[in-house]
Structures are given as C-alpha cells and as structure tokens.
Amino acid sequence: MRMILAVVAVLYSASAFAQADKPPPMVGDKPLVQVKPKGTKEGTKAGTKEAAAKPAAAPKGKPQSIAARLQACLDLDDGTKDRLNCYDAVIAPTPKPKPAKAKGYADCRFFKEEDERLACFNGFAESIPKLPKS
C-alpha cells in the first residue's frame, strides 16, 4: 500500500512539473505557429466524395461567376447524382410543393424531384454562352 502511494505521489508531482509555464518554442525571435490546412471548408474533409463532387469551387485568385460554376458542373457525367450535387452546391435547393415553370437557372432550385431539377439545370447551363478562360 505504501509503495503504491509513493508511486502515485511521484507521478503526480512529475505531471505538475510538466505543466509548468514554459515559453513557447521559438525559431529565431519568432514563436512557432500552427498552420491550418488550405482547401478545406467547414463540415467537409479533403478526401471525401462530397468534397470531390464540388469541382465548381472558385480558384484562389478571382471568384468565379455563377455561370462559370454551373458550366464547370457540365464536366461531370450527365444524369448522375454527382452533377446534381455540383449544381446544388452552386444554388442550394429550396423545394416548393407546386413550382412554376422555371424562367431562369435560379428557379430550378424550387423543383422537388431530383430528375426535374437536374434537367432544369442542364437546360440552362448548356444554353449559357461559353465564357473565355483567363
């Protein structure tokens, strides 16, 4: 019993010494900082299918227009869930029970059925004139 008590006392004091206030590690006269990974967003991880289904993300430089992001979705296979997920990443769906006929690509988000929404987005994305790549 005394032996166990002695071991606990030694370990407890060692952990107290380990937590002493030490200055952070330095490189030259600058403290080290923790760098966060680039390219990840909240709620997604870099290697997941969800992150891979969003090729329409804007490059680091100039932000892309909605038209350019919709056209980037056309690179995915037609009629697939990945393409619909890409469109939904650009314009989030807000389904209505009885949506009116779509007059623009923004109206496609109101369709409840995924097939109808995909066909609507495809129609408008394909009719947008190709933008010059700069």
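Predicted model only: the values in this text are computed from it and were never measured.
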Got a list of side-chain donor-acceptor pairs under 3.5 Å for residues 94-110, not counting sequence neighbours?
residue	atom	partner	partner atom	Å
D107	OD2	K103	N	3.0
D107	OD2	G104	N	3.4
R109	NE	A106	O	3.4

- prompt: Does K81 have any side chain to side chain donor-acceptor pair (under 3.5 Å) partners at least two apart in sequence or in another chain, and if so, which?
  reply: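 K81 satisfies side chain to side chain donor-acceptor pair (under 3.5 Å) with E114 once adjacent residues are dropped.
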
message: As an exercise, state the distance from CG of D82 to CG of D75, rounded to the nearest 0.5 Å.
response: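 The CG atom of D82 sits 12.5 Å away from the CG atom of D75.
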
Which donor-acceptor pairs under 3.5 Å do the side chains of residues 116-128 make with protein atoms, sequence neighbours left out?
residue	atom	partner	partner atom	Å
R117	NE	D88	OD1	3.2
R117	NH1	F111	O	3.3
R117	NH2	D88	OD2	3.0
N122	OD1	R83	NH1	2.9
N122	OD1	Y87	OH	2.8
N122	ND2	D78	OD1	3.0
N122	ND2	L118	O	3.3
S127	OG	G123	O	3.3
S127	OG	F124	O	2.9

